[in-house]
Participant: 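Structure provided below as structure tokens; questions to follow.
Protein chains get the first letters and strands the later ones, always in sequence-line order, with residue 1 at the start of each.
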2 protein chains.
Amino acid sequence: MDMQTSPATALRIDGARLWKSLMDLARIGGTPKGGVCRIALTDLDRQGRDLFVQWAREAGCSIRIDAIGNIFARRAGADDSLAPVMTGSHIDTQPTGGKFDGNYGVMAGLEVVRTLNAAGVRTRAPIEVAVWTNEEGSRFVPVMMGSGVFAGAFTLEHALAQRDAQGVSVAEALAAIGYAGQAGAAPAVGAYFEAHIEQGPVLENHERVIGVVQAALGQRWYDVTVQGMEAHAGPTPMELRQDALLAASALVAEVNRIALDRLPHARGTVGSLEVHPNSRNVIPGRVKLSVDLRAPDDAQLLDMDAALRAACARIAAERGLAIGVEQVVYFPPQPFTPHLVEAVRANAADLGYSCMDVVSGAGHDAVYVARVAPAAMVFVPCADGISHNEIEDADPAHLEAGCNVLLRAMLASAGVVA
Amino acid sequence: MDMQTSPATALRIDGARLWKSLMDLARIGGTPKGGVCRIALTDLDRQGRDLFVQWAREAGCSIRIDAIGNIFARRAGADDSLAPVMTGSHIDTQPTGGKFDGNYGVMAGLEVVRTLNAAGVRTRAPIEVAVWTNEEGSRFVPVMMGSGVFAGAFTLEHALAQRDAQGVSVAEALAAIGYAGQAGAAPAVGAYFEAHIEQGPVLENHERVIGVVQAALGQRWYDVTVQGMEAHAGPTPMELRQDALLAASALVAEVNRIALDRLPHARGTVGSLEVHPNSRNVIPGRVKLSVDLRAPDDAQLLDMDAALRAACARIAAERGLAIGVEQVVYFPPQPFTPHLVEAVRANAADLGYSCMDVVSGAGHDAVYVARVAPAAMVFVPCADGISHNEIEDADPAHLEAGCNVLLRAMLASAGVVA
């Protein structure tokens with residue numbers, strides 16, 4: 001399919017319609033501060049799902065629900081036996097979430113369908129819009145639950161058995177909202193695209209409209225415990241101290257240096273740190289801290305792991321105290337599929353949007369889907385890089401641009417019947 | 001008075017009797033773990049006070065209570081118009097306190113009186129044993145309340161008006177336990193000695209029995225707030241971060257360096273540090289921490305203050321975030337009285353005890369009394385330097401040695417009538 005000669009080249013999505021869909025959906029669980037609280041598998045989630053299903057049916061789609069509650073809205077293709085070209089994201093939110101995280105990817109998929117309908121465009125392969133269950137993990141872990149089951153990252157049984165803080169299982173919650181669908185092997189996907197706000201500051205900082213996502217960073221998370229000796233700050237001279245916070249502070253600096261030594265994509269963060277006994281005039285006896293290391297490939301991530309362990313050993317030896325390191329999470333790096341990434345880049349350029357190559361530092365449903373299907377992502381800026389916050393915001397023009405790129409990339413994959 | 005020719009030279013306190021007094025007193029508020037919980041101005045404090053008063057009366061002392069509840073047990077001198085030679089400490093404890101902190105100084109004073117009684121020694125000046133109200137400050141602040149009022153560090157009215165967490169005032173609590181005594185100007189004190197466990201590791205580390213306390217360190221305490229920018233750890237590249245914890249960690253290292261540059265006596269501690277939002281995968285947006293600087297003289301303490309403020313300004317500028325510094329406490333350095341310090345040293349040497357010069361890093365009632373009277377302290381080791389803990393422990397032989405030094409130093413000041 002040569003896009004330059006296709007009538008599809010002139011197609012543009014309706015930015016105002018996309019924006020209205022986002023705002024209408026955001027009323028379900030809308031908060032006084034302008035955010036959204038629509039926790040996975042609650043009645044508000046059901047209301048959001050029902051609205052999507054209603055809109056998708058009105059757009060002529062058929063609906064399929066799988067056993068973990070993922071919704072697939074399908075627009076038939078000229079050859080409906082072909083594997084669908086899929087897009088999607090999630091509509092569950094953090095407790096103090098925004099209107100765009102996840103919701104944008106789903107509404108952009110719906111807008112692609114509506115645009116094709118309005119223009120009477122028939123695609124060769126079918127088009128599907130997916131709503132993945134429980135991406136956020138606020139109520140049930142693991143996060144990215146629906147896409148994780150779809151991709152075989154963990155089993156359906158494992159996911160269904162998870163319970164929230166009140167003891168309600170995923171299976172029970174799915175049944176309660178009427179979204180426990182049919183079990184069965186996940187169908188093949190021809191290509192998967194996910195449009196998403198960046199949730200970071202890179203695009204805004206570089207004044208670009210489209211982020212061409214190369215890969216999702218691999219992640220290793222650790223719990224670190226520094227065990228020193230609690231003592232009175234006044235009577236204990238400097239040379240007789242085993243100050244756990246002083247050692248922990250050296251480690252915070254090292255985690256930062258480990259990432260700085262591996263720019264541009266490596267990241268190192270200590271987000272959580274707790275001091276015991278945390279009293280003004282007591283030398284800290286114990287500090288617990290988290291370490292979060294991210295890198296675009298496994299070799300670099302393993303190198304960072306080794307550097308972290310070496311830093312802990314060196315600090316412990318120098319300061320005469322004990323430092324324990326336990327890895328608690330590993331997500332492998334996930335490159336996206338080169339020819340789909342290139343389709344995103346080429347179509348963004350064709351449309352005249354400024355763009356740049358980026359990596360995804362956060363997890364997304366596309367990261368799991370990429371394990372079982374060709375996949376790529378389209379990022380658009382969000383205001384001040386802020387997400388997971390009620391003040392999360394995005395420029396309607398940027399959302400429109402990202403959706404136009406999505407439309408063109410999907411058409412390139414699905415093919416257009418003249 | 002030449003001690004070498006006096007019959008007092010041969011006097012020794014009764015170590016077993018001293019130990020028994022400590023153990024008997026420790027039963028009032030004794031905890032299952034072997035500590036003591038006898039909070040100021042509670043009924044347990046009353047029971048402890050009553051026992052002291054009973055013992056002091058049995059030892060022939062007269063009792064005087066002042067308006068803040070300080071107890072003075074007086075053994076008359078040959079010239080009772082002379083200003084008394086005083087010793088003492090406190091019997092209130094921390095909630096998880098030990099048997100020795102404070103209690104040792106009071107029981108050592110009682111043991112001095114009993115020893116003089118048993119030997120029939122008459123002193124020229126009267127001897128007094130003081131029990132200072134609310135040294136610990138666990139229930140009512142300010143700490144060192146009784147000695148603070150005595151020394152004019154703050155007014156009686158201010159102290160009486162303070163309230164605990166339940167809204168009970170010091171005045172009400174004193175009346176309730178029957179220890180609201182007579183108001184009036186504090187009488188002159190000829191000399192004040194206080195025996196105390198070191199509450200630190202220096203004597204044990206140097207294997208010395210007696211610490212000759214030169215001065216109490218001055219203290220400046222600060223609240224520091226580092227204001228950065230909260231952001232997602234994954235999507236935010238290293239160069240676009242304003243990580244409040246990374247800046248705070250640099251400050252923790254600087255506080256340590258500020259003290260290390262001013263050894264042997266300077267101290268710098270960050271005891272409390274709180275991270276917001278303290279989530280594993282969120283770059284910390286705000287950190288609040290305490291800084292505790294101590295030094296033996298005001299010039300050095302001011303120099304440390306300037307170094308702290310310079311470090312905060314430099315770190316804030318380098319990292320592009322804001323650091324606020326607020327001083328919340330100032331205790332001036334307090335040198336002890338040279339001829340009394342020398343009396344402690346000389347008598348310890350005469351008695352054949354190993355000794356060394358030390359500073360007091362913590363506050364003690366003697367630090368306030370030193371503002372209005374000649375004063376000195378005698379330190380003895382405590383096990384592993386641990387205090388304010390139910391496992392606080394001390395060697396009976398060390399307690400006996402400290403009490404013998406106290407006896408001799410007091411006799412040297414009071415004079416013995418042959």
Participant: Please determine, among A/P264, A/G268, A/S387, the option with the most heavy-atom pairs under 4.5 Å with chain B.
Facilitator: A/G268
Participant: Name the region of A/N205, side chain, backbone, both or neither, that has any atom closer than 4.5 Å to a heavy atom of chain B.
Facilitator: side chain
Participant: Identify which of A/Q219, A/E274, A/R241, A/E239 forms the greatest number of heavy-atom pairs closer than 4.5 Å to chain B.
Facilitator: A/R241
Participant: Counting heavy-atom pairs closer than 4.5 Å to chain A, which one of B/V255, B/N281, B/I386, B/V358 comes out on top?
Facilitator: B/N281
Participant: Which of residues 287-296 of chain A get closer than 4.5 angstrom to chain B, counting heavy atoms alone?
Facilitator: A/S290, A/D292, A/R294
Participant: Which answer fits A/A362, side chain, backbone, both or neither, if we ask what part of it has an atom under 4.5 Å from a heavy atom of chain B?
Facilitator: both
Participant: If we define contacts as heavy-atom pairs under 4.5 Å, which of A/V275, A/I283, A/N256 has the most with chain B?
Facilitator: A/N256
Participant: What part of A/Y222 gets within 4.5 angstrom of chain B, counting heavy atoms only: side chain, backbone, both, or neither?
Facilitator: backbone
Participant: Pick one of side chain, backbone, both or neither for A/V329, based on which atoms fall under 4.5 Å of a heavy atom in chain B.
Facilitator: neither
Participant: Please examine the side chains of A/P201 and B/T236, heavy atoms only from C-beta on, and report whether any two atoms are closer than 4.5 Å.
Facilitator: yes
Participant: Check whether any side-chain heavy atom of A/D223 sits under 4.5 Å from a side-chain heavy atom of B/R280, and report yes or no.
Facilitator: yes
Participant: Where is the tightest heavy-atom contact between B/S272 and A/N278, given as atom of each residue plus distance?
Facilitator: CA-OD1, 3.1 Å
Participant: Please flag which part of A/V282 lies under 4.5 Å from any non-hydrogen atom of chain B: side chain, backbone, both or neither.
Facilitator: backbone
Participant: Evaluate whether atom CE of B/M238 has more than 12 neighbouring non-hydrogen atoms of other residues, nucleotides or ligands under 6.0 angstrom away.
Facilitator: yes
Participant: Counting only heavy atoms closer than 4.5 Å, note whether B/A266 contacts chain A via side chain, backbone, both or neither.
Facilitator: backbone
Participant: Can you list everything that forms a side chain to side chain donor-acceptor pair (under 3.5 Å) with B/S147? Sequence neighbours excluded, please.
Facilitator: B/D365
Participant: Heavy-atom distances under 4.5 Å only: say whether A/S360 touches chain B with side chain, backbone, both or neither.
Facilitator: neither
Participant: Which one, A/A250, A/G200, A/A244, A/P237, leads in non-hydrogen pairs under 4.5 Å with chain B?
Facilitator: A/P237
Participant: For A/T269 versus B/A233, what's the shortest heavy-atom pair and its separation?
Facilitator: OG1-CB, 3.5 Å
Participant: To check you understand the geometry: which heavy-atom pair defines the closest contact between B/E198 and A/P235, and what is its length?
Facilitator: O-CB, 4.0 Å
Participant: Are B/E230 and A/H388 side-chain neighbours, meaning at least one heavy-atom pair lies under 4.5 Å?
Facilitator: no
Participant: Using a cut-off of 6.0 Å, state whether more than 12 heavy atoms not belonging to B/E318 lie near its atom CD.
Facilitator: yes
Participant: Measure A/L263 against the heavy atoms of chain B and call it side chain, backbone, both or neither at under 4.5 Å.
Facilitator: side chain
